[in-house]
4 protein chains.
Amino acid sequence: MGGSGASPGRRPQRSRDPEARRAALAAAAIEVIAELGIARTTHRAVAARAGLPLGATTYYFPTLDDLVAAGLALATEALRAELRSWAGRLDTAEDLPSALVRLVEEYLTDRRRVRLEYDLYLAAARDPTLRPLAEAWLHGFRDLLEPRLGPEAARAVVALLDGAMLQALVTGIDLDSPALTTAIRRLANSRS
Amino acid sequence: MGGSGASPGRRPQRSRDPEARRAALAAAAIEVIAELGIARTTHRAVAARAGLPLGATTYYFPTLDDLVAAGLALATEALRAELRSWAGRLDTAEDLPSALVRLVEEYLTDRRRVRLEYDLYLAAARDPTLRPLAEAWLHGFRDLLEPRLGPEAARAVVALLDGAMLQALVTGIDLDSPALTTAIRRLANSRS
Amino acid sequence: MGGSGASPGRRPQRSRDPEARRAALAAAAIEVIAELGIARTTHRAVAARAGLPLGATTYYFPTLDDLVAAGLALATEALRAELRSWAGRLDTAEDLPSALVRLVEEYLTDRRRVRLEYDLYLAAARDPTLRPLAEAWLHGFRDLLEPRLGPEAARAVVALLDGAMLQALVTGIDLDSPALTTAIRRLANSRS
Amino acid sequence: MGGSGASPGRRPQRSRDPEARRAALAAAAIEVIAELGIARTTHRAVAARAGLPLGATTYYFPTLDDLVAAGLALATEALRAELRSWAGRLDTAEDLPSALVRLVEEYLTDRRRVRLEYDLYLAAARDPTLRPLAEAWLHGFRDLLEPRLGPEAARAVVALLDGAMLQALVTGIDLDSPALTTAIRRLANSRS
DNA sequence: AATGAATGAGGGTTCATTCAT
DNA sequence: TATGAATGAACCCTCATTCAT
């Protein structure tokens with residue numbers, strides 16, 4: 001028996017740039033997800049974060065799931081962009097293993113972001129909605145290395161780095177870069 | 001009629017074994033967490049799963065967090081036990097890499113459990129409560145391998161397997177055991 | 001992502017007579033329905049009418065439909081009781097037609113109640129939930145008259161009175177009792 | 001390219017026939033009311049049904065009540081038209097009772113419409129807005145019969161048929177036409 | 001004149017927690 | 001000691017209405 005609303009009096013009604021509002025909400029959504037996790041993400045939290053009224057969330061996104069999905073799409077795109085930038089930087093790298101470790105180190109600098117992305121990545125184990133993001137990461141990363149390492153080593157290195165990042169995230173301890181570089185080198189030698 | 005025995009007309013209390021009830025609740029909690037995730041775990045769900053009255057949850061665990069923590073402690077202990085069993089089996093293994101992969105393969109058989117443990121493992125990045133579990137896994141696993149591989153290789157192999165399991169979980173695809181075995185072998189060769 | 005409730009402070013927590021509360025809620029529900037109609041009946045309105053906190057409504061009745069159904073059950077029972085009283089009074093009546101009209105006249109005295117009952121009666125055309133109430137009325141009324149008028153005339157008289165009451169309700173004009181009595185007499189003569 | 005004609009890049013307005021739009025909205029309103037009931041009738045539902053933009057509803061009808069009222073006026077007019085057609089057909093009928101029952105039977109064929117009209121008819125007991133519709137039915141029907149049956153019998157027959165239709169609607173059972181015809185005949189005999 | 005963006009009140013429901021019994 | 005009744009905050013979502021464009 002949905003609500004109605006008697007005589008609401010005066011209401012401001014700002015903006016008028018729907019596209020910007022959609023984007024702002026999606027951005028706010030991903031921030032809230034990063035902070036509280038998907039399960040604690042609410043319309044209210046997203047609206048507050050975006051500095052928009054509550055009604056805006058449901059106006060632009062019929063359900064909370066839609067809102068969350070918009071946030072996830074944003075995160076997925078950011079991940080893809082990240083990987084594209086890695087690709088560029090690895091192309092010009094002389095020593096792949098050390099360049100790779102440098103990239104990962106840098107990536108881990110933004111702890112909040114990494115935590116978000118791994119959260120979503122793992123959550124894909126439960127929630128099919130998140131598969132695209134997980135695949136973006138997994139395949140994107142792998143495709144990055146395959147041309148230089150071959151399929152076998154590429155997979156192994158991706159797993160190694162995935163594990164290392166996960167551990168860094170969980171423990172809060174920085175990567176042991178030299179050791180990691182050595183390990184990558186060992187896995188990569190399959191080629192030779 | 002009449003008979004002997006106790007007597008009062010009303011005394012709903014069943015169990016007389018408080019410790020057993022605590023344990024039952026903790027066990028139910030971890031099951032609910034495994035099924036719904038921490039965020040969706042409620043008093044009611046745990047009570048229902050344990051077959052105990054709602055009041056029992058707050059009676060034995062002042063807050064929901066306490067109840068969840070009890071579940072987590074249980075999960076941590078289960079993880080430790082798992083690792084102990086691995087230790088026993090690795091001791092008698094001839095070929096460490098293949099034995100290790102076999103263990104991991106088996107472990108991945110119980111998808112639900114693995115998902116739970118990785119959920120909690122990753123959640124430790126956010127929630128200090130979960131550190132003990134994360135450490136139990138990380139150090140326990142590492143300690144398992146160090147005697148045979150040395151510290152450097154042990155860490156690398158743990159990272160590799162952590163990443164491989166994470167990926168198996170997320171993609172739903174089984175491990176590529178031969179490739180994984182090869183990779184471990186390469187990392188382990190640091191010794192020689 | 002259901003609500004929770006941080007630290008609610010002190011709360012009164014009255015009563016302790018669940019059965020009484022259930023009944024009070026059902027009674028309040030039927031009153032609200034009588035006043036606003038089913039479609040405008042809300043948890044909040046029922047709780048307010050019953051002088052109980054909002055949470056009581058959902059505590060005793062999982063959904064609003066359940067609450068409404070409880071109200072309807074009450075109304076149905078009241079209707080049955082009304083018909084039983086009619087039965088008693090018709091048994092001792094010398095002249096059936098005029099006794100019948102007198103009953104109907106009296107019944108129409110409580111406009112609010114009649115409006116409620118006809119509302120629900122008609123609503124049964126849409127909502128199967130209300131069938132029991134409609135049948136209680138229709139069959140109860142018919143069964144009342146059959147022994148004295150036979151099946152054919154009983155049906156006709158019930159239809160006539162149903163229509164007359166409906167019209168009185170809608171127009172707000174009192175029954176034309178003498179005319180109605182005459183009409184009943186004519187329909188009843190089928191016997192002779 | 002370029003061409004002649006109007007020109008502005010943006011001018012979404014379609015129809016140029018305001019009256020037609022008003023009518024379309026009123027028609028859509030009555031359809032929605034028939035389907036969902038007054039209480040569930042919303043701007044959005046009406047706009048969607050009319051294939052018009054949301055803004056059109058409030059543009060042509062300041063409030064939802066106005067929109068609903070417009071629908072009701074339409075329904076009232078339809079009811080009047082129905083009764084006019086009945087008048088024509090009864091004029092040429094040889095046997096009034098059976099002709100009348102035939103008309104009612106036919107009318108009941110369109111269950112949705114009858115339900116709508118009785119809904120509104122009964123709702124008039126609560127909502128003065130609906131009086132015109134109720135009166136249209138009641139007096140229109142009565143006026144139809146009075147010339148042939150006299151005032152007394154006409155009223156009785158209208159009540160009888162009103163009740164019979166109500167019951168058919170509520171129970172979903174078809175009219176018992178022969179019995180009804182007989183009853184009408186009995187009520188009509190007052191003349192002779 | 002016409003539209004759809006904007007807003008917030010309200011409504012159903014869930015649940016942590018408190019507490020009388 | 002043990003239980004389930006009690007409460008209200010918070011949640012998601014719908015929608016009348018207002019208003020910039």
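Side chains are part of it too, since the values below use all heavy atoms of this structure and drop only hydrogens, waters and symmetry mates. It should be emphasised that the depicted structure is a prediction, and the values quoted were computed from it without experimental measurement.
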Using a heavy-atom cut-off of 4.0 Å across all strands, would you classify T57(C) as base, sugar-phosphate, or nothing? nothing
Between dG4(E) (P) and R22(A) (CZ): distance, integer Å: 16 Å
Side chains of T63(C) and D65(C): any donor to acceptor distance under 3.5 Å? no
Grab the CZ-C1' distance between R44(B) and dC15(E) for me, whole Å please. 5 Å
With a 4.0 Å cut-off on heavy atoms, is L64(B) in touch with a base, just the backbone sugar-phosphate, or nothing at all? sugar-phosphate
F61(B) CZ to dA16(E) P, in whole Å, measures 15 Å
Would you say R21(D) places a side-chain N or O within less than 4.0 Å of OP1 or OP2 belonging to dT3(E)? yes
Rounded interatomic separation in angstrom, taking CG from D17(B) and P from dT1(F): 15 Å
5' precedence on DNA chain F between D65(D) and T58(C) (nearest-nucleotide basis): T58(C)
Need one value for Y60(D): base, sugar-phosphate or nothing, where a base atom within 4.0 Å counts as base even if backbone is also close, heavy atoms only. sugar-phosphate
Within the structure, does a side-chain N or O atom of Y59(B) lie under 4.0 Å from either OP1 or OP2 of dT3(F)? no
Between H43(A) and dC11(F), is there a side-chain N or O to OP1/OP2 distance below 4.0 Å? no
Let's test this: given Watson-Crick or G-U wobble pairing with both distances under 3.5 Å, identify the partner of dA20(F). dT3(E)
Taking a pair as Watson-Crick or G-U wobble with both distances under 3.5 Å, which nucleotide is matched to dT14(F)? dA9(E)
Answer with base, sugar-phosphate or nothing: what part of the nucleic acid does T41(B) contact at a heavy-atom distance below 4.0 Å? sugar-phosphate
Just how far, in rounded Å, is P of dA2(F) from CG of L25(B)? 11 Å
Could you state the CG-P distance from L54(D) to dA2(E), rounded to the nearest angstrom? 15 Å
